[in-house]
There are 2 protein chains.
Amino acid sequence: MTPKKIDGERRGRGRPPSFDRGQALRAAMRLFWDRGYDGTSFDDLIAAMGISASSFYNAFGSKEALYQEAIDAYIKVAGGWFSAALNEETDTRTTFGHLTAAAAAEFTRDDLPAGCMIAVAATQCAPTQARLRDLLASQRTQSEDAMVDRLRRGMAAGDLPADTDIEALAAFYGSLLRGMAVQARDGASRERLLEIARIGMQAWPAAQPHPRDS
Amino acid sequence: MTPKKIDGERRGRGRPPSFDRGQALRAAMRLFWDRGYDGTSFDDLIAAMGISASSFYNAFGSKEALYQEAIDAYIKVAGGWFSAALNEETDTRTTFGHLTAAAAAEFTRDDLPAGCMIAVAATQCAPTQARLRDLLASQRTQSEDAMVDRLRRGMAAGDLPADTDIEALAAFYGSLLRGMAVQARDGASRERLLEIARIGMQAWPAAQPHPRDS
DNA sequence: GGATTTATGGAGCGATGACACCAAAAAAAA
DNA sequence: TTTTTTTTGGTGTCATCGCTCCATAAATCC
């Protein structure tokens with residue numbers, strides 16, 4: 001057929017791809033997001049991406065490689081609002097209030113699958129998929145580390161009691177976000193998720209009247 | 001026919017099974033718990049259960065039927081500590097403190113797989129597995145309903161502020177428990193989970209000094 | 001002891017999964 | 001134009017998946 005427009009600059013010698021790689025990747029991301037790795041078959045993928053098996057392997061290498069790219073693409077989407085919220089120029093409590101509220105909103109968009117692509121992915125899988133499991137667990141750890149960093153800065157700024165367990169607090173909000181992602185996938189409304197987020201903020205550590213208490 | 005099938009006594013006419021059905025079911029439960037439905041293959045199952053393919057179909061019907069039985073078996077395990085904690089004879093706040101602490105302990109037992117078999121299962125799956133997805137989502141709803149019931153009783157007993165949003169509070173603790181289950185699967189220690197649970201209890205609604213405040 | 005009923009071992013089945021190969025096609029580079 | 005490089009369509013492969021069939025073994029009932 002007639003060659004179509006390709007994104008960005010088309011440099012290279014051979015025949016140009018007839019499809020938009022980024023667009024195909026986003027289609028794959030949506031499918032993986034919605035159905036998970038196992039739940040998305042090869043045929044599902046090439047159908048949704050609108051390409052043939054040959055083009056698939058030529059452009060993406062393998063299903064697993066595509067999944068990793070899809071994860072990266074998701075990070076660009078979700079990492080956007082996530083780190084945007086974390087790097088706001090406000091006090092730490094407000095930051096986390098906005099972060100959890102943003103999650104409630106993002107987990108219930110009508111133009112994207114519900115929930116989070118990473119939050120609960122590959123927690124139960126075959127031993128042969130240990131690599132994927134570790135990859136996803138590592139991503140979860142990374143987002144929690146980002147929260148730890150923000151809390152540490154907040155601690156330094158005096159936003160938190162001196163005896164706050166930073167790691168535990170980050171783990172708490174990490175757990176909450178993942179649970180919210182499950183709720184979203186089960187069909188919870190945005191309002192419900194916002195309520196959960198609001199309650200979660202009630203757990204924010206109060207200033208200690210007796211800081212030298214062990 | 002004169003069906004005198006009593007589960008305890010083995011009264012049947014034909015050849016008796018050479019394996020313990022309950023034991024085989026528990027082996028399957030562990031495997032499903034650890035690897036999920038897709039991650040557990042037929043061959044994995046019959047190997048772990050120590051039976052042949054014929055015996056498998058003779059005794060359990062199909063992989064999906066076995067999974068449902070495994071879920072039921074899990075409910076008997078986890079439903080044990082869950083409703084035990086919920087039906088304690090204490091005030092509502094203490095009850096939920098014990099519930100979350102019990103989850104932290106149960107999610108990190110060394111004689112069982114980490115986390116919860118139901119908490120995050122089948123949230124991402126193929127359309128062909130809609131039945132399983134709905135089954136699991138329904139189980140999650142049920143456990144949340146049990147928390148709603150307990151909170152309602154607590155409200156009636158005066159343990160909670162009159163303006164408490166019961167459903168939202170139950171959804172919050174439901175989210176927290178599911179997030180804790182993910183943490184457990186990612187390798188979090190029991191102490192870490194207990195910390196998360198403790199922080200989660202800080203979100204418990206305080207008595208409102210100004211209930212007519214919007 | 002038959003007769004009946006149920007379980008077992010073993011072999012194999014159709015479908016699907018992910019992927020590989022290759023010759024033709026379409027572009028830039030020479 | 002010729003050469004070189006890359007994509008594409010079509011077909012084939014090989015393993016695994018969940019499952020089935022059948023002859024036989026082992027129990028109970030008459």
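Only a predicted model underlies this, so the values are computations on that prediction, with no experimental measurement involved.
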Rounded distance in Å - CZ (R21(B)) to C1' (dT6(C)): 14 Å
Less than 4.0 angstrom between a side-chain N/O of S18(B) and OP1 or OP2 of dT8(C), yes or no? yes
Examine dG9(C): is either OP1 or OP2 under 4.0 Å from a nitrogen or oxygen in the side chain of S52(B)? Give yes or no. yes
Using a cut-off of strictly less than 4.0 Å, decide whether S55(B) has a side-chain nitrogen or oxygen near OP1 or OP2 of dT8(C). yes
Rounded to whole Å, please give me the gap between OH in Y37(A) and P in dG17(C). 13 Å
Please determine whether a side-chain nitrogen or oxygen atom of S54(A) lies at a distance below 4.0 Å from atom OP1 or OP2 of dG9(D). no
Atom-pair distance (CD1 on I51(A); P on dG10(D)), nearest Å: 15 Å
Between G61(A) and D44(A), name the one whose nearest nucleotide on DNA chain C is closer to the 5' end. D44(A)
Side-chain donor/acceptor of R93(B) to backbone N/O of L160(B), under 3.5 Å: no
Using a 3.5 Å distance criterion without hydrogens, assess whether the side chain of Q202(A) forms a donor-acceptor pair with backbone atoms of Q202(B). no
Regarding T92(B) and R150(B), do their side chains bring together a donor and an acceptor under 3.5 Å, going by distance alone? yes
Of the candidate nucleotides dC19(C), dA29(C), dG17(C), which contains the atom at the shortest distance from the side chain of R13(A)? dA29(C)
Starting at CD1 of I46(A) and ending at P of dT11(D), how long is that distance when rounded to a whole Å? 14 Å
Which part of the nucleic acid, if any, lies within contact of A53(B), taking any heavy atom under 4.0 Å across all strands shown: a base, the sugar-phosphate backbone alone, or nothing? base
If I take atom CZ in residue R35(A) and atom C1' in nucleotide dG17(C), what distance separates them, rounded to the nearest angstrom? 15 Å
Atom pair distance, as rounded to whole Å: NZ in K63(B) and P in dG18(D): 4 Å
How many Å lie between CG on L45(B) and P on dC17(D), as a whole number? 11 Å
Position toward the 5' end of DNA chain D (nearest nucleotide), S41(B) or R15(B): S41(B)
If you pin Y57(B) and G14(B) to their nearest nucleotides in DNA chain D, which one's is more 5'? Y57(B)
At 4.0 Å (heavy atoms only), tell me whether F19(B) reaches a base, stays on the sugar-phosphate, or touches nothing. sugar-phosphate
F32(B) six-ring centre to K63(B) NZ/CZ under 6.0 Å and within 45° of normal: no
Among the nucleotides dG18(D), dG17(C), dT7(D), whichever has the atom closest to the side chain of D43(A) is dG17(C)
What contact category does T40(A) fall into here, base, sugar-phosphate, or nothing, at under 4.0 angstrom with non-hydrogen atoms? sugar-phosphate
Just by distance, do the side chain of R35(B) and the backbone of A126(A) share a donor-acceptor pair under 3.5 Å? no
Sort out the partner of dA23(D) for me: Watson-Crick or G-U wobble, both distances under 3.5 Å, none otherwise. dT8(C)
Quickly work out the F56(A) CZ to dG9(D) P distance and round it to whole Å. 15 Å
Report yes or no: does R140(B) contribute a side-chain atom to a donor-acceptor pair with the main-chain N or O of I118(B) at less than 3.5 Å? yes
